[in-house]
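For reference, the structure discussed in these notes is given below.
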Amino acid sequence: MTEVSSLAGRLLVATPALADPNFDRAVVLLLDHDDEGSLGVVLNRPTPVGVGDILEPWAPLAGEPGVVFQGGPVSLDSALGLAVIPGDEGPLGWRRVFGAIGLVDLEAPPELLGPALGSLRIFAGYAGWGPGQLEEELADGAWFVVDSEPGDVSSPRPESLWRAVLRRQRSELAMIATYPDDPSLN
């Protein structure tokens with residue numbers, strides 16, 4: 001097997017041709033990517049469930065909208081917390097994944113991390129790919145791979161993130177942001 005160049009910290013943006021309804025217009029932040037597989041969270045799938053409904057102590061620290069996001073189709077009964085913490089050192093209970101973005105230990109007392117958190121988002125489930133699976137999808141043209149920005153994790157308008165991420169690209173990808181929701185209506 002060939003060595004995989006890590007895409008951790010980058011975004012997977014679903015192409016209009018991606019047929020999987022789990023990822024229609026999805027923006028996935030890759031948290032881990034190596035020759036053993038890939039793991040990420042969908043950043044633009046808010047649910048109607050408030051953070052306080054399932055993780056009450058963390059609700060005051062959750063960014064707007066204060067809801068749980070569906071991180072992907074895998075393990076929907078588990079929760080992941082992502083937070084942006086600027087600077088070199090993060091508090092106990094936070095593990096840097098890349099840049100200023102890290103995973104929050106949701107078993108830790110919120111007051112331990114609260115003062116340091118720049119933003120917090122809670123995800124139910126995650127998106128996962130086995131060895132080579134994501135590379136096959138990339139070769140098939142299912143995803144655009146673009147750089148992430150710290151604000152992507154805590155976007156206050158997640159429903160517009162797909163278009164916003166594409167629009168900021170300095171290539172022909174910016175034009176895809178105008179792709180209609182239903183091309184058959186053109």
Side-chain angles (χ1 to χ4, degrees), residues 1-46 63 69-75 78-88 90 94-104 117-179:
M1 180 172 203
T2 61
E3 188 173 317
V4 173
S5 177
S6 181
L7 297 175
R10 306 222 34 221
L11 296 176
L12 298 178
V13 180
T15 68
L18 183 59
D20 185 341
N22 289 308
F23 296 110
D24 182 44
R25 303 240 172 162
V27 177
V28 177
L29 175 65
L30 280 176
L31 302 174
D32 190 27
H33 176 248
D34 57 29
D35 58 2
E36 295 179 22
S38 305
L39 179 136
V41 290
V42 178
L43 297 178
N44 59 336
R45 294 278 191 276
F69 283 66
Q70 184 175 337
V74 182
S75 294
S78 66
L80 270 166
L82 279 183
V84 175
I85 297 183
D88 294 331
W94 180 81
R95 181 178 60 87
R96 185 177 312 279
V97 177
F98 56 88
I101 298 170
L103 288 167
V104 173
L117 293 181
S119 63
L120 171 69
R121 186 139 292 163
I122 304 294
F123 298 90
Y126 62 91
W129 294 265
Q133 186 180 5
L134 179 57
E135 288 71 23
E136 288 177 24
E137 291 183 17
L138 291 171
D140 290 343
W143 300 99
F144 301 120
V145 179
V146 301
D147 291 335
S148 65
E149 295 180 0
D152 294 335
V153 171
S154 56
S155 172
R157 298 198 53 227
E159 66 283 349
S160 63
L161 191 60
W162 185 84
R163 289 187 194 283
V165 168
L166 288 171
R167 195 172 296 118
R168 73 180 185 225
Q169 303 309 306
R170 295 177 181 238
S171 66
E172 64 275 357
L173 288 182
M175 289 189 60
I176 295 173
T178 64
Y179 196 84

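The shown structure was predicted, so the numbers you read here are calculated from the model rather than taken from an experiment. In what follows, residues are counted from 1 in the order of the sequence shown.
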Nearest heavy-atom approach of L30 to S38 is CD2-CB, 4.2 Å

With sequence neighbours left out, write down each residue that passes side-chain hydrogen bond (donor to acceptor under 3.5 Å, both in side chains) with D32, or none if nothing qualifies. none

Does some side-chain heavy atom of D24 sit less than 4.5 Å from a side-chain heavy atom of R45? yes

Side chain to side chain, L12 and L134, heavy atoms closer than 4.5 Å: yes

Check: T15 side chain, A142 main-chain N or O, donor-acceptor pair, under 3.5 Å: yes

From CA spacing to verdict: side-chain contact (heavy atoms from CB on, under 4.5 Å), F98, L29: CA-CA 11 Å; F98 56 88; L29 175 65; 3.5 Å; yes

Within-4.5 Å side-chain heavy-atom neighbours: V145 and L11: no

State which residues pass salt bridge (Lys or Arg N to Asp or Glu O under 4.0 Å) with D147; sequence neighbours excluded, sorted by chain then number. R10

Checking the side chain of R121 only, and the main-chain atoms of S155 only, is there a donor and an acceptor separated by less than 3.5 Å? yes

Under a 4.5 Å cut-off applied to non-hydrogen side-chain atoms, are L31 and Y126 in contact? no

Are the side chain of T178 and the backbone of M175 linked by a donor-acceptor contact shorter than 3.5 Å? yes

Can you name the salt bridge (Lys or Arg N to Asp or Glu O under 4.0 Å) partners of R157, sequence neighbours left out? E159

Indicate the ring-plane relationship of F23 and W143, choosing parallel, tilted or perpendicular according to the 30° and 60° boundaries. perpendicular

Keeping the roles fixed (side chain from S148, backbone from G9), state whether a donor-acceptor pair exists under 3.5 Å. yes

Can you name the salt bridge (Lys or Arg N to Asp or Glu O under 4.0 Å) partners of R96, sequence neighbours left out? none

State, with a plain yes or no, whether a side-chain heavy atom of L82 is found less than 4.5 Å away from one of F69. no

Under the rule for side-chain hydrogen bond (donor to acceptor under 3.5 Å, both in side chains), what residues qualify as partners of Q70, not counting sequence neighbours? none

Who pairs with W162 by ring pair (Phe, Tyr, Trp, His ring centres under 6.0 Å), at least two apart in sequence or on another chain? none

